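Worth saying up front: this structure is predicted, and the values here are computed from it rather than measured.
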Amino acid sequence: MKKAYNALFVLALVVVGALSSAPAAAERFMPSDANTLTREEQSRLRAGLEAELTAATSARDSLKIYYNLFDLGPRYRTKQLVFPIYDLAVRMGDEEAELDMLRHCANLYQDSTAVMDHCLALARAKAASGDALAKETLLFVKIMYTVCNIGHGVTIDAPIEEYLNNLIARYISNPPTDPYEKFEVIFTLCAYMGNLGEGPALENYTEKLQEAMDELPLTTGAVRNAVYSRNAVSFTNFGLFRQALDSDRSLLRIIDSMEVQYARQGRIYRNYDTSRYNIYRRMLANSAGLRRPEVERLWNEIQEIASRNGDVEYDLRTDRRAEIYYLMATEQYEKAVPMILNRVLNNSRPLPYREMIYNDLITAAERIGDKDVLLKAYRVYSDMLRRRLANRQAESIRELAVAYSVRDFKDETEAMKRELVDRQLMTTRIVGMCAIFFVLLLGGAAFVLWRQKRRAAASAATIERINASLVEERDNLRKVKAELITARDEAKSSDKLKTDFINNMSHEIRTPLNAIAECSQLIVDCIPEDKKPFLDKFGRIVELNVALMQRLVNDVLDAASLESSQLSVAKMAVPVLDICNFAVSNTIDNLAPGVKFVFEPGEELAHTLMVTDKQRVSQVLMNLLNNAAKFTEKGSVTLSVTPDKDANTITFAVTDTGIGIRKGKEEVIFERFRQLDMSVRGCGLGLYISRLIARLMGGDVRVDTAYRGGARFVFILPLVE
């Protein structure tokens, strides 16, 4: 009871402190301009918002604070916040926030196929309602999925070219009528063309993509942002600087309008520093279409963004592309050549980017008269031009192939129409002959029926007797059915009474157990110091036994819920390492003195996600770890985790050096209330519950019978369902 009073008192102090300091906090965390915040100000704002989140009293307030933290960044923090915000929006029923987080998730996790698959499934489920914003979100997730699959590398691959040819042919011969499907097909065409290095064809289909986008009822800037970003990158790679600059200027206008929209929504920390940095850097790469004052302005904007944004500062310092573009645009060739050489020797960019950087190297080397660099650059550049010419020839051949494919498709269609007419004539003849045959057959059948009628009259009396017998049997069956229904209802009622009894008794047991723990601690706190060590020992014994009783009650409740199929599973994408760390931290204190705990996660595990119920997986792991600790008096307890992305499974193995399991008892221990060693505390429900939970989530728990150094339990789950 004393702990409960202390908790209430601390909560009251927190509420009073929050009310008294609310105006000051609001003033402290209200920037005049979110785009001018320094890194120190951003760090202080994050700390303050995290404190406000802890003290938030409603889901709506928590969602607003989460969004402010999301907007402050940096990128790695933003990625971590997507899933909590989405989960909170689902619980609140805020569909607009749900869809917003799905779009952010697709944009931030393009490097994870598992997360992208999960986003696509959720977006399809939302779009099934026909809502315009949900359909726009599904479209955005799809085009991000296309970008994720294609990537930005240039590969001349026959299967890809064949797929592109077929896609163009289908689009020309049978264009989609649904505006969303039409936009998706043209976007895919543009993405593949940009990947294969087809500049002129890309220009043509980019215009079609703009027309298709104008037909859509778009309410956010997400789709337009993705389209203009993709266009700007492709145009830049292929030297179409005017088109690239137009796309980037359109992007800047979209960003400006989105910032105004976010400000109206109260999202005061939302800024697009990273997006603007990427746009300004790309515009410097296309400086042939810029005047000198505009070049200087873009470079100053980049430096100002880097001064307050850690992600931009790191990229500017390590990548150096923006500085190279600026030096070339301002004719500082002496400084540009060594930087370009460093980029040439240490880059893995695709072919169009290499063409552009080598073209800059040739220009700079010519201006400063460095013949050695110029000769080496010309050799590489000439090879690139030969490949570019080959791509242009392949493009022309592809266009001819598509034209012939469309013509062949039309010829095949006409031939199929003629064949269909011939088949219809043949079918008409066959139907006529069948009709004549059917008339003759009906005549014969009528004669047979007349004879059967005479026999049927004789059987009528027999049929009536049989009918009477059937009626009596039917009545008996109805009576038996009613009795079975009554028995079923009584069984359901008994099961409900059992569940209610367990729940009521568990509640009634918890209350006195908590009172016992509180009172025992209160007694220890109130006795004189000279006697306190003795009673403190008994108080800990009472507290330990209360914890054991509470665990027994929780196990009984979980078993009842699982047996009645009432246990819910809430799945979401979570890091596997977080689940393991949580389970280990809650069980490591239960090890006997001298027992070593071993858990050495590898580098792969740190980046592994799984879509599951974090609470239930942690419960199974803690049951297995506690079970290992309970039966291990010396040696070690080891937790190992092995993800298998090819098989879409993850395996948790808990190994101990304890007393082991007698041969033939490997399945008996998973039965309810079964213990092989009655001298050990527990009621025999832990392994029973663990297997039920694992199978509920599509996995299993079993004993590794090949291991004889103690006991090893294997817990297998799917990575993504």
Side-chain angles (χ1 to χ4, degrees), residues 31-39 41-42 71 73-75 221 224-263 268-340 343 349 353 356-357 359-361 363-364 367:
S32 58
D33 185 358
N35 288 323
T36 62
L37 292 172
T38 65
R39 298 181 204 171
E41 289 172 335
Q42 292 172 2
D71 292 340
R75 182 180 178 86
R224 294 185 186 276
N225 200 336
V227 169
Y228 289 132
S229 296
R230 185 71 184 180
N231 289 348
V233 171
S234 298
F235 288 143
T236 300
N237 287 340
F238 304 125
L240 304 172
F241 61 87
R242 290 189 179 87
Q243 295 88 330
L245 288 171
D246 289 341
S247 296
D248 279 329
R249 288 177 180 127
S250 298
L251 267 176
L252 289 173
R253 287 193 293 271
I254 291 174
I255 288 174
D256 291 339
S257 64
M258 291 178 72
E259 281 190 330
V260 172
Q261 182 180 356
Y262 281 130
I268 56 178
Y269 304 125
R270 184 64 172 167
N271 73 79
Y272 286 88
D273 277 347
T274 304
S275 299
R276 282 196 170 92
Y277 163 68
N278 290 326
I279 294 171
Y280 294 155
R281 181 179 64 186
R282 194 163 51 239
M283 291 178 75
L284 285 177
N286 296 284
S287 60
L290 300 174
R291 294 189 299 273
R292 182 63 175 269
E294 191 170 3
V295 170
E296 295 292 346
R297 182 184 64 80
L298 291 173
W299 178 242
N300 292 334
E301 289 283 354
I302 287 175
Q303 290 179 312
E304 183 179 348
I305 292 173
S307 67
R308 63 176 180 265
N309 188 294
D311 293 337
V312 172
E313 187 273 334
Y314 176 79
D315 187 78
L316 186 63
R317 174 166 43 84
T318 58
D319 186 87
R320 308 298 292 274
R321 271 189 291 161
E323 189 173 357
I324 291 173
Y325 299 151
Y326 170 71
L327 293 174
M328 291 298 300
T330 55
E331 300 180 357
Q332 299 182 54
Y333 302 116
E334 289 283 354
K335 296 180 180 179
V337 167
M339 287 189 184
I340 297 175
R343 290 293 301 162
R349 300 293 296 176
Y353 175 78
M356 183 169 59
I357 202 71
N359 185 44
D360 287 343
L361 181 59
T363 301
R367 295 299 180 90

In chain order, what residues pass the side chain to side chain contact (heavy atoms under 4.5 Å, CB included) check against [X], with sequence neighbours excluded?
{"X": "Arg249", "value": "Leu245, Asp246, Arg253, Met283, Leu290, Glu294"}
{"X": "Arg317", "value": "Glu313, Tyr314"}
{"X": "Asn300", "value": "Gln303"}

- Item | Pairs meeting criterion ring-ring contact (aromatic ring centres under 6.0 Å, His included) with involvement of residues 239-261, two or more places apart |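 Pairs touching residues 239-261 that pass the test: none.
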Looking at residues at least two apart in the chain, or sitting in another chain, which of them share a side chain to side chain donor-acceptor pair (under 3.5 Å) with [X]?
{"X": "Thr330", "answer": "Gln332"}
{"X": "Arg320", "answer": "Glu323"}
{"X": "Arg297", "answer": "none"}

By salt bridge (charged side-chain N to carboxylate O under 4.0 Å, His left out) - contacts of [X] (at least two apart):
{"X": "Arg292", "value": "Glu296"}
{"X": "Asp311", "value": "none"}
{"X": "Asp71", "value": "Arg267, Arg270"}

- Residue pairs, two or more places apart or on separate chains, that pass salt bridge (Lys or Arg N to Asp or Glu O under 4.0 Å) and touch residues 325-334: none
- Query: Can you name the ring pair (Phe, Tyr, Trp, His ring centres under 6.0 Å) partners of Tyr326, sequence neighbours left out?
  - Reply: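 Per chain and number, Tyr326 pairs via ring pair (Phe, Tyr, Trp, His ring centres under 6.0 Å) with Trp299.
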